[in-house]
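FYI, side chains are in, hydrogens and waters are out, and symmetry mates aren't considered; it's all heavy atoms of this structure.
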Amino acid sequence: MDNNKWVDGFGEDPTISFSERARVVNELEKIGTLTFKVANTEDGWVAQSNEVPGIIAGGTEQNPSGEILEAGMREAIFTAFNVK
């Protein structure tokens with residue numbers, strides 16, 4: 001696996017408030033978009049944002065599903081933007 005992937009930023013998480021969503025959307029609008037380059041490693045997978053290199057996700061699954069990839073990338077985005 002070696003490709004680019006776009007992530008729906010909030011998914012279906014009802015615990016994120018409207019004001020938090022608005023704050024992060026505002027920050028993301030400054031960047032434009034977030035896509036990730038996803039690659040297999042000998043220990044699992046890693047995904048790094050093409051636009052913000054410091055946003056990195058990963059896991060130990062050798063063949064992760066799309067849901068696992070998105071969940072990991074979403075968590076990395078939440079961490080980068082201090083989503084509560």
Side-chain angles (χ1 to χ4, degrees):
M1 171 181 28
D2 188 276
N3 58 14
N4 291 310
K5 180 151 181 64
W6 178 83
V7 177
D8 176 18
F10 297 104
E12 310 235 352
D13 189 338
T15 64
I16 301 171
S17 70
F18 179 76
S19 62
E20 273 294 274
R21 289 174 188 256
R23 181 183 65 78
V24 173
V25 166
N26 186 43
E27 292 298 317
L28 290 173
E29 285 176 350
K30 294 175 188 175
I31 296 168
T33 188
L34 283 180
T35 58
F36 287 79
K37 182 173 183 95
V38 181
N40 283 330
T41 68
E42 54 185 58
D43 296 324
W45 62 273
V46 65
Q48 182 170 2
S49 170
N50 294 311
E51 296 77 21
V52 183
I55 300 177
I56 301 170
T60 59
E61 299 85 358
Q62 289 297 321
N63 295 302
S65 67
E67 291 82 19
I68 289 172
L69 291 171
E70 285 197 20
M73 289 181 261
R74 188 174 299 113
E75 182 65 30
I77 291 168
F78 288 177
T79 299
F81 289 99
N82 297 315
V83 173
K84 300 173 184 166

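When side chains are defined from C-beta on, M73 counts as touching V38, because their heavy atoms get closer than 4.5 Å.
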| message | Walk me through whether N63 and W45 qualify under side chain to side chain contact (heavy atoms under 4.5 Å, CB included). | response | CA-CA 8 Å; N63 295 302; W45 62 273; over 6 Å; no
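In terms of heavy atoms, A76 sits closest to A57 at CB-CB, 4.0 Å.
Annotation: the span from E61 atom CD to D43 atom CG amounts to 12.0 Å, rounded to 0.5 Å. Distance check: L34 CG to I77 CD1 gives 5.0 Å after rounding to the nearest 0.5 Å.
V46 belongs to a hydrophobic cluster with I56, counting contacts under 4.5 Å between side-chain heavy atoms of Ile, Leu, Val, Met, Phe, Trp and Tyr, direct or through other members.
Evaluation of the side chain to side chain donor-acceptor pair (under 3.5 Å) rule for T60 yields no partner, not counting sequence neighbours. Contacts of E75 classified as side chain to side chain donor-acceptor pair (under 3.5 Å), with partners at least two apart in sequence or in another chain: none. Shown here are the side chain to side chain donor-acceptor pair (under 3.5 Å) partners of E67, two or more places apart in sequence or in another chain: S65. T79 pairs by the side chain to side chain donor-acceptor pair (under 3.5 Å) definition with nothing, not counting sequence neighbours.
The main-chain N or O of K37 is never found under 3.5 Å from a side-chain atom of Q48 such that the two would form a donor-acceptor pair. Between the side chain of E51 and the main chain of T35, a donor-acceptor pair closer than 3.5 Å is present.
Each salt bridge (charged side-chain N to carboxylate O under 4.0 Å, His left out) pair with one or both residues in residues 23-36, not counting sequence neighbours, appears once here: E20-R23, E27-K30.
The one candidate from I55, N50, L69 that meets the side chain to side chain contact (heavy atoms under 4.5 Å, CB included) condition with F36 is I55.
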